Number of protein chains: 2
Amino acid sequence: MDATAPPPSAAPAAPARRSDATRAAILAAARERFAADGYDRATVRAIAQDARIDPAMVMRYFGSKEGLFAAAVDVDLRLADLSDVPTDALGRTVVVHFLGLWEDDHLRGVLTALLRVGVTHPAGAVRMQEIFAAQVLPAVLQAVPDPAQAPARAALIASQLLGLALTRLVLRFEPAVRLEREEIVDWLAPTVQRYLTAEAP
Amino acid sequence: MDATAPPPSAAPAAPARRSDATRAAILAAARERFAADGYDRATVRAIAQDARIDPAMVMRYFGSKEGLFAAAVDVDLRLADLSDVPTDALGRTVVVHFLGLWEDDHLRGVLTALLRVGVTHPAGAVRMQEIFAAQVLPAVLQAVPDPAQAPARAALIASQLLGLALTRLVLRFEPAVRLEREEIVDWLAPTVQRYLTAEAP
DNA sequence: CAGGCATGTCAACGCTTGTTGGCCTACAGT
DNA sequence: ACTGTAGGCCAACAAGCGTTGACATGCCTG
């Protein structure tokens, strides 16, 4: 929490220290390891080795392993623009956007790490709750007529999209892995569309 | 794998040893710990303490921590009878059955443990793949006209149902936790129904 | 009653983990 | 050119892990 690192977006005039490259290397290695192994198996030593630095540097820059995790999974889902999407295209738009997130290398690492850690480590679950509340919920609020129903609808959408990521990218169920991108869109878009626009049952 | 424990259903005449109570206590404690903490944080020592025995007993009865996990997550989803369900009631039947699984204390523990461990530990992911292939897929095959489409449809259903379990029981997204049982059925049944019976897109 | 096997305890092992403090190096400001 | 400081490495720590083997206890069979 008292990380020596400057917040990526807070300080307007970044001091541009000499150690920025090292810090970035640590963060990249950490994301990869957390995504591949989860919180406990992603050891500080392994991350340090990947980044070709000493484990002590991790502590110097991020205070602790938890601090490193918090810094590594700062993510922006870029879900701002649902208000000017045609109502009957909402489902498809959301699914396509979501699949797009997993194709960006950086985001893919962050999201997989979040999914893996969120399931095992309390801090990870809290982080996912925060992202849901701060990014997913507001976006759904833009697209839904009755604000009171937005949380439930957002949760249903999250359950389907995270469930897909889970079976396809983490558990690697073979049929889920085989699905083509367009197939996924065609199957899931109506589901999300219904969760967004159908009358509450 | 060479666990001293008798397979629960293999030997027809169970010897009924004196240590069965201990073994059961260990298994129960293990399921609880694996479900609550995941594979790595569920230590053999903690499980032994919960079961009020010595950690060495775990090794004696189950060979290793991995052996204990394998024995603890032996699960039967009881999904055999989809062939005589009316076609247009399939979705609702599946969702209701799935929600019922989570209300049995034993199954709830096993399933949560599987979900938590499957995400972090390779052995857990393999186990979930096995269960999917051996239990979910055959059941879906009974309910679907074209067998070639069954795997993809089964994977989609698994993604939605596991996604719900994930957001509700593991990540504990607040709106997902708040959903009533009937609401879940009403929202998810049409989704599952479509994944089962809708024409492939 | 004696022996043997199942049951259980205890203490210790080797290893890995996160974390710490001391020390070296090299660049920047005067 | 000299010095302060930021960047980086090394060795070590205490704690916790899974696992092991030797030893105690009690039950059942002969």
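Throughout, protein chains are lettered first and strands after them, A, B, ... in sequence-line order, and every chain is numbered starting at 1. Predicted model, so just to flag it, every value in this text is computed and none were measured.
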- In whole angstrom, give the distance that lies between atom CG of Asp20(B) and atom P of dA6(C). 14 Å
- Task: Take the protein atom CZ of Arg60(B) and the nucleotide atom P of dA22(D), then report the distance between them rounded to whole Å.
- Result: 13 Å
- Task: Whole angstrom is fine here: how far is it from OH in Tyr61(B) over to C1' in dT9(C)?
- Result: 12 Å
- Item | Between Arg41(B) and Thr120(A): side-chain donor-acceptor atoms closer than 3.5 Å | no
- Do any side-chain nitrogens or oxygens of Thr22(A) fall under 4.0 Å of OP1 or OP2 in dG8(D)? yes
- Query: Can you tell me if CZ on Arg194(A) sees more than 12 non-hydrogen neighbours from other groups inside 6.0 Å?
  - Reply: yes
- Query: In whole angstrom, what separates Met57(B)'s CE from dT25(D)'s P?
  - Reply: 16 Å
- Among the nucleotides dT19(C), dC17(D), dG7(D), which one has an atom lying closest to any side-chain atom of Ser64(A)? dT19(C)
- Message: Can you confirm whether more than 12 heavy atoms, excluding those of Arg181(B), are under 6.0 Å from its CZ atom?
- Response: yes
- Could you check how far CZ of Arg41(B) sits from P of dC17(D), rounded to whole Å? 11 Å
- DNA chain C: Ala42(A) or Ala56(A), which has the more 5' nearest nucleotide? Ala42(A)
- Rounding to a whole Å, what distance do you find between Met59(B):CE and dA11(C):C1'? 16 Å
- Within this structure, what is the CD-to-P distance between Gln49(B) and dC10(C), rounded to whole angstrom? 13 Å
- Nearest-nucleotide 5' precedence on DNA chain C, Tyr39(A) against Asp54(B): Asp54(B)
- Task: Rounded off to whole Å, could you give me the CD1-to-C1' distance for the Ile47(A) and dT19(C) pair?
- Result: 14 Å
- Query: In this structure, are over 12 heavy atoms from other groups packed under 6.0 Å from Glu32(A) atom CD?
  - Reply: no
- Query: Looking at dG16(D), does its base get a donor-acceptor pair with the side chain of Arg45(B) below 3.5 Å?
  - Reply: no
